[in-house]
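Accompanying notes for the structure given below.
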Amino acid sequence: MKVVADLHIHSRFSRACSTRITPSALAASALEKGINLISTGDFLHNQWLTEIKQNLEPDKDTGLLKIKRSDNGVRFMLGTEVATFFWEKGKSKRVHTCIMIKNMENISQLREVLSKSGSLDIDGRPILSMSAAELVEKVISVERDAFIFPAHLWTPYFGALGETTGFDSIKEAYEDMEKYIYAYESGLSSDPKMNWMVSQLDKYALISNSDAHSLEKLGREANVFNVSKIEYNEIFKAIKDKDKAKFIRTIEFYPEEGKYHYDGHRQCNFSLKPGKSSDRICPVCKKPLVIGVMHRVMELADREEGYIPSGAIPYIHQIPLREIISFMINKGVGTQAVENKYKELINAFGTEFNVLTADPKSISKIDHDIAGAIEKMQKNEVKIDPGYDGVFGKFELL
Ligand SMILES: [Zn+2]
Ligand SMILES: [Zn+2]
């Protein structure tokens, strides 16, 4: 069966997240997107965990979780993101790591172990005072089957290989616990093509998730599997083995659209395409620039662009449908006009992913202009003004 999985999302208890995120709203929005496997997000957080337990129950067939009573086919996996920090030689090392676990019974023990290093209940994404390696060690000591991966690997502030974190390899970030890491999340500002330039990453599987802070942003990146059963071990074995028969592709945001693609300064309205020896100082304010994902990838790259490692999982780029509609009708992405058109297309095609991959001729029967825009996207004829320092990139489909 085809499984479309988004393994990194947040609940409304994480900072800056939509208050509309509830377990049943997640299930409904996932279905609308075309996602049938989703992380619960934030399972270490007391209040969210209570909601998970109230609203979800184990599915006998898969061991995963489903919505009680009104099961719509969407399955949940227990997942969370944890921020760790420690000081080394006067520099703070802050890393975000995602953790998926199989057994709900282990959460109380995990909470007990981790709460010694910081509060789990202030933020859905807890901030713990320890190294990333210590986090992995503690999680594995409680849940041997945990699937652990660095979140948004390259982002400047919290990516394991990001600029301010300063690690130059996953091994450096996770020390001897790296042996438990077999995948990494590429993040919105990088795509497989960029990561393939860095040979040290070949040994890991690249996965892509939305890191959504609202229902609308679910699935802006995702992973597509073809497995006999939607099951914890089956999914993670497909990832671990980079089994091309089972791990079919990743769905990617255009990396230029990501908000840390280029170097730049938001305040100074300045961005820069990084080169090998590019300037790190802002010409406007003379302070150090926020070094983006592309810059860091180039620093660690030991291959030319275009190199495809053997065993690489294919990918496609997509722009979220609401963004395409917003661009075409020239109305804000959160407006009713965009929502109405979105619903019209979902009603016709079933899911957002169906719309984005549909034959433009069939979309044309509903909306000629949007069909044209989607056709452009399918042909990768997208012009993007790249993002930097927290500013999302802007695309054009003309
Ligand atoms: Zn994060
Ligand atoms: Zn500046």
Side-chain angles (χ1 to χ4, degrees), residues 6-18 21 39-45 48 79-85 92-100 114 118 120 122-128 130-132 135-136 139 147-165 167 170 173-174 181 183-190 207-214 217-218 220-221 253 258-274 278-293 295-296 387-392:
D6 185 350
L7 303 175
H8 178 184
I9 65 135
H10 289 280
S11 76
R12 66 178 189 284
F13 296 102
S14 278
R15 196 160 303 151
C17 282
S18 160
I21 305 174
S39 165
T40 58
D42 301 354
F43 73 75
L44 288 168
H45 188 275
W48 184 242
T80 189
E81 183 184 33
V82 173
T84 53
F85 74 95
S92 95
K93 300 279 189 182
R94 299 179 291 177
V95 178
H96 285 186
T97 302
C98 287
I99 298 162
M100 318 285 307
L114 297 179
L120 301 176
I122 294 174
D123 193 324
R125 182 210 299 112
I127 303 173
L128 305 178
M130 60 172 74
S131 69
L135 174 69
V136 176
V139 171
F147 172 64
I148 303 169
F149 55 94
H152 41 74
L153 186 68
W154 300 98
T155 54
Y157 300 109
F158 309 109
L161 302 187
E163 166 72 4
T164 55
T165 314
F167 295 117
I170 291 178
Y174 290 88
I181 307 286
Y184 65 93
E185 186 182 74
S186 62
L188 299 179
S189 297
S190 86
I207 58 172
S208 285
N209 304 301
S210 70
D211 196 357
H213 288 37
S214 66
K217 292 195 168 166
L218 292 177
R220 57 186 168 175
E221 297 208 322
F253 211 58
K259 55 185 181 179
Y260 292 106
H261 189 67
Y262 271 10
D263 301 347
H265 261 176
R266 181 180 205 148
Q267 303 273 350
C268 304
N269 218 347
F270 174 79
S271 69
L272 176 74
K273 178 182 182 171
S278 64
D279 212 346
R280 303 172 81 96
I281 300 296
C282 173
V284 181
C285 70
K286 316 289 180 211
K287 291 189 186 128
L289 289 167
V290 173
I291 300 299
V293 163
H295 195 140
R296 280 297 288 159
Y388 62 95
D389 192 13
V391 182
F392 277 108

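Order of appearance sets the numbers: ligands from 1, and atoms from 1 within every ligand.
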Within a reach of under 6.0 Å around CZ of Arg15, are more than 12 heavy atoms found that belong to other residues, nucleotides or ligands?
no
Side chain to side chain, Val139 and Val82, heavy atoms closer than 4.5 Å
no
Under-2.8 Å protein N/O/S neighbours of the Zn ion (ligand 1), ordered by chain then residue number
Glu81 OE2, His96 ND1, His152 NE2
Does a side-chain heavy-atom distance below 4.5 Å link Asp211 with Leu188?
no
Can you find a pair of side-chain heavy atoms, one from Trp48 and one from Ser14, that are under 4.5 Å apart?
no
Non-neighbouring partners of His8 that pass ring pair (Phe, Tyr, Trp, His ring centres under 6.0 Å), sequence neighbours left out
His10
Nearest-0.5 Å distance that lies between atom CZ in Phe85 and atom CE in Met130:
10.0 Å
What residue among Glu81, Glu221, Arg220, Glu185 forms side-chain hydrogen bond (donor to acceptor under 3.5 Å, both in side chains) with Asn209?
Glu185
Run the ring pair (Phe, Tyr, Trp, His ring centres under 6.0 Å) test against Tyr388 and tell me which residues pass, sequence neighbours left out.
none
Is any side-chain heavy atom of Thr97 less than 4.5 Å from a side-chain heavy atom of Tyr174?
yes
2.8 Å shell around the Zn ion (ligand 2), exclusive bound, protein N/O/S atoms
4
